[in-house]
Amino acid sequence: MKKLTLALCYLFVMTIINAQELKSPNGNFELNFSLNKEGSPIYSLKYKGKSVINPSKLGLELTSNESAEFGAEIKKNKDPKTSLYDGFNISDVKNSSFDETWQPVWGEAKDIRNHYNEMAVTLNQKSTDRNMVIRFRLFDDGLGFRYEFPQQDNLVYFVIKEELTQFAMTGDHTAYWIPGDYDTQEYDYHVSKLSEIRSINQQGRSSNLSQTGFSETGVQTSLQMKTADGIYINLHEAALINYGCMHLDLDDKTLIFQSWITPDANGTKGHLQTPSTTPWRTVIVSDDACEILASNITLNLNDPCKIDDTSWIKPMKYVGVWWEMITGKSDWSYTNDLKSVQLGVTDYSKVKPHGRHGATTENVKKYIDFAALNGFDGVLVEGWNTGWEDWFGHSKDFVFDYQTPYPDFDIEEIHRYAKSKGVKMIMHHETSASVRNYERYMDKAYQLMNKYDYPAVKSGYVGNIIPRGENHYSQWINNHYQFAIEKAAEYKIMVNAHEAVRPTGICRTYPNLIGNESARGTEYQAFGGSKPNHVCVLPFTRLIGGPMDYTPGIFEMDIEKINPNNHSHCNSTIANQLALYVTMSSPLQMAADLPENYNRFPDAFQFIKDVALDWDNSIYLEAEPAEYVTVARKAKGTDKWFVGNTAGYNAFTSKIGFDFLDSDKEYIATIYADAKNAAYKTNPQAYTIRKVIVTNKSKLTQLSVPGGGYAISLVPVTDKSQTKGLKKL
Ligand code: NOJ
Ligand code: CA
């Protein structure tokens, strides 16, 4: 009995010794850290006194192969080398605080505050004498933590078998999720209880040209959740550098998520060398959904900008020879004569054009004219280079050379013409996932862009990755995406990568990464349609890591009108499409529809021409995942504001005030809204436009129909005559 009491006392004392606590600057969050009796690190998180992450284990499991240099005495133990998850003591705890305000090159705000309390816990594993630091940063809106592996004798090269980070949920929350997949993120979102993820995954998934699921309870991050008592929890990662992308796998009996890193081709999950770190794991929490959208945790956990001269990085609004191919009106390819194309072998001078090639000099000039006429910065051209007759599906290594234009695309003349019109061209590099081939040509490709003055490239990774066996989100290929961004910076080129790993705030460090797709974009509206609430989920999930090249602006929703053989229909109204330029902030925004469709609705098109790309300030006014998002943004360096609202499956009556406006000004508000009878399936082009006078005391009640929305531009009145005939709101 005495022994038992002593043992209990010892345990209690041990727990007390090990327990560490950290509070956020505003006191809303409390992080607890301790070691359990096996010496495994455990953390938990409370928000406003309520548990949001129950006690959860931390650590990593290594493979044994790279650890051969460890001493013989270690080998006697039951393979302790593979554990970086138990047997630890706390050897040091350092607490500190940080508060700075920094200015992004572009983004949702001019100033971003980075304010946190930090706790760095150094753990020593006695049996191996290895050290690992777990660094926690507690912000006013959530938590970031990562593993750090300092330089040391007993941990030099190591291979991760699995990261064992847990996120123990406190209940069967509602989750807004897409299935875990090593190769694609281009899914519609499910909204379900955590306990329903397995059965929904069992029902199958929509198909994609490359996809690799791994578990019936696997999901991707950023994962948005909502608790029964109205707390919003978002799990993601920041600064994904030299590591595999993190998925989450749910134990649906205990409701504990565990990290599931995308493996390399050989099945291992990361090859590291000390000193090194993992990416940050993030937990953003609030009882107000707007605060999830306003969080800057992801950016703040990335390193400051590493590009000295950023003067060449400029937001771009663009049109492109693109939607006509996506809808099937025209094609990327030039001829039907070639079943097989080989670099350096195929002779295009002998083939017959099929007449449906989109990227002809003549057609591109029409887009350049349209861009110049309407004040757009750029024109994207896809299908300009040879190879599209035979570009995917055969695991083809030597696919494109990114150098050779089709016979009917005169790159010199396009350069001359675009320059004469003051329009920049955007290059397209589809790699068809032959990453090795892209790296072979990358320097030459970027040099060609410099020669012809292309400031930005849209790259793409459609299909299965080459080298064969690699996936789209493993450490190996993430290093390629990073290489492409850094190499582009050397050439002063901005990058917009499609099908690449989802962003994790790296655009803070490399702001030439102006866009990513990495989710289901507008193209799916022409591939059968996306759910009408998709754009009310994306801000809570995909956009947590950075902007998306969503390519909004579709005015003709009935795709049959563009291509009679394509029976897709966009699940969106025109007013919803306009709102996306504000709700889905990006320094790179496309007006994706065909010029002729914009010419049919010049008054609605005016909003796309006017809307800004870069902001001094953003204020989220109303938000609920999958239901609605309303945000007001102040255009950078001006007194103009823009407001956007999108609604999901249900109609939404938005009620906003304008107290963000200057109190000493009047503004002319142009409100682009759904007409009362608008409907995303049957009447998507019904909108109204009205002009009213607005001050910072004004209030607006505005209906958005299902799949609808509204957009407002607010311009300060500079001359009383501008308000003639206008009513006050
Ligand atoms: C998929 C991209 O998302 C799309 O924008 C592009 O047009 C095609 N790949 C072809 O590269
Ligand atoms: Ca895509």
Side-chain angles (χ1 to χ4, degrees), residues 25-26 98-116 139-142 238-239 284 290-317 377 489 494 503-516 539 543-548 579-589 610-621 623 629-644 656-665 667 694 696 711-716 718:
N26 63 0
F98 189 80
D99 190 2
E100 76 164 14
T101 298
W102 58 280
Q103 286 73 38
V105 174
W106 48 260
E108 295 190 58
K110 184 173 62 174
D111 297 309
I112 294 180
R113 187 173 182 196
N114 186 10
H115 187 200
Y116 58 81
F139 300 80
D140 283 346
D141 49 359
I284 306 171
C290 289
E291 286 182 4
I292 302 285
L293 302 179
S295 173
N296 286 311
I297 283 186
T298 321
L299 286 175
N300 280 332
L301 288 170
N302 277 268
D303 284 343
C305 182
K306 288 193 175 157
I307 300 174
D308 291 336
D309 168 20
T310 56
S311 58
W312 50 275
I313 300 173
K314 295 200 175 87
M316 287 184 91
K317 203 183 285 178
D377 306 293
M494 298 182 279
T504 55
I506 287 169
C507 58
R508 176 181 180 190
T509 317
Y510 293 97
N512 66 318
L513 178 60
I514 49 166
N516 270 114
L543 300 194
I544 294 291
M548 177 171 178
L580 296 176
Y581 290 88
V582 193
T583 58
M584 308 256 296
S585 169
S586 171
L588 182 75
Q589 289 281 22
D610 292 343
V611 69
L613 301 167
D614 198 10
W615 312 100
D616 274 343
N617 197 5
S618 294
I619 301 171
Y620 288 90
L621 300 167
V629 171
T630 314
V631 59
R633 303 188 196 269
K634 182 166 182 278
K636 196 165 234 169
T638 78
D639 286 327
K640 292 181 191 163
W641 285 79
F642 295 86
V643 179
I656 61 167
F658 291 85
D659 52 3
F660 49 84
L661 296 175
D662 282 354
S663 55
D664 60 348
K665 289 193 178 69
Y667 295 78
V694 160
N696 80 328
I712 308 177
S713 71
L714 291 145
V715 181
T718 48

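Note that these values count all heavy atoms, side chains included, but never hydrogens, waters or copies made by symmetry.
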Closest non-hydrogen contact found for Leu621 with Ala632 is CD1-CB, 4.0 Å
Tell me the closest heavy-atom pair linking Ala238 and Thr298, and the distance in Å. CB-O, 3.7 Å
State whether the side chain of Thr310 and the backbone N or O of Val105 hold a donor-acceptor pair below 3.5 Å, judged by distance alone. no
Which one of Asp99, Asp140, Asp141 satisfies the salt bridge (charged side-chain N to carboxylate O under 4.0 Å, His left out) criterion with Arg113? Asp99
Ignoring hydrogens and geometry, is there a side-chain-to-backbone donor-acceptor pair from Ser295 to Ile292 under 3.5 Å? no
Under 3.5 Å, is there a donor-acceptor pair between the side chain of Ser713 and the main chain of Phe642? no
Drop me the distance from Ser586's OG to Leu543's CG, to the nearest 0.5 angstrom. 9.0 Å
Could you tell me whether a side-chain N or O of Gln589 sits under 3.5 Å from a main-chain N or O of Met584, the two making a donor and an acceptor? yes
Exercise: identify the closest heavy-atom pair between Trp615 and Glu108: CB-O, 3.5 Å
Determine, step by step, whether Ile307 and Asp309 satisfy the side chain to side chain contact (heavy atoms under 4.5 Å, CB included) criterion, reporting the C-alpha distance in whole Å, the side-chain angles of both residues, the deciding distance to 0.1 Å, and the verdict. CA-CA 6 Å; Ile307 300 174; Asp309 168 20; 5.6 Å; no
Do Pro539 and Tyr620 make a side-chain contact, defined as non-hydrogen atoms from C-beta onward lying under 4.5 Å apart? no
Tightest non-hydrogen contact, residues Cys507 and Leu299, listed as SG-CD2, 3.9 Å
Are the side chains of Ile297 and Asn300 in touch, meaning some heavy atoms are under 4.5 Å apart? no
Using ring-ring contact (aromatic ring centres under 6.0 Å, His included) as the criterion, list what pairs up with Phe139, not counting sequence neighbours. Tyr116
Salt bridge (Lys or Arg N to Asp or Glu O under 4.0 Å) against Asp377, all qualifying residues, sequence neighbours excluded: none
Evaluate the side-chain proximity of Ile112 to Pro104: yes if any heavy-atom separation is below 4.5 Å, no if none is. yes
Counting only N and O atoms by type, is there a donor-acceptor contact under 3.5 Å from the side chain of Asp662 to the main-chain atoms of Asp664? no
Considering non-hydrogen atoms only, spot the tightest contact between Ala612 and Ala635 and give its length. CB-CB, 3.5 Å
Could you give the distance from CG (Leu661) to OH (Tyr667), rounded to the nearest 0.5 Å? 4.5 Å
For the pair Lys634 and Asp639, evaluate side chain to side chain contact (heavy atoms under 4.5 Å, CB included) and give the outcome as yes or no after the intermediate values. CA-CA 7 Å; Lys634 182 166 182 278; Asp639 286 327; 4.3 Å; yes
Contacts of type salt bridge (Lys or Arg N to Asp or Glu O under 4.0 Å), residue Lys636, not counting sequence neighbours: Asp614
Side chains of Val631 and Leu293: does their closest heavy-atom pair fall under 4.5 Å? no
Please answer whether the main-chain N or O of Val611 pairs with a side-chain N or O of Lys317 as donor and acceptor at a distance below 3.5 Å. yes
Within-4.5 Å side-chain heavy-atom neighbours: Leu513 and Asn516: yes
Mind checking ring-ring contact (aromatic ring centres under 6.0 Å, His included) for Phe660 and listing every partner two or more places apart, or none if nothing turns up? Trp641, Phe658
Heavy-atom side-chain contact between Met316 and Pro587 under 4.5 Å: no
Who pairs with Asp111 by salt bridge (Lys or Arg N to Asp or Glu O under 4.0 Å), at least two apart in sequence or on another chain? none
Without swapping roles, check the side chain of Asn302 against the backbone of Thr509 for a donor-acceptor pair under 3.5 Å. no
Looking at Arg633, is its backbone amide N or carbonyl O close enough to the side chain of Ser618 to form a donor-acceptor pair, meaning the two atoms are under 3.5 Å apart? no
I want to check something: taking the side chain as every heavy atom from C-beta on, are Lys640 and Leu714 in contact at a cut-off of under 4.5 Å? no
Got a second to check how far His115's NE2 is from Glu100's CD, nearest 0.5 Å? 11.5 Å
Are the side chains of Asn114 and Thr101 in touch, meaning some heavy atoms are under 4.5 Å apart? no
Identify, with sequence neighbours excluded, every residue that meets salt bridge (Lys or Arg N to Asp or Glu O under 4.0 Å) alongside Lys110. none
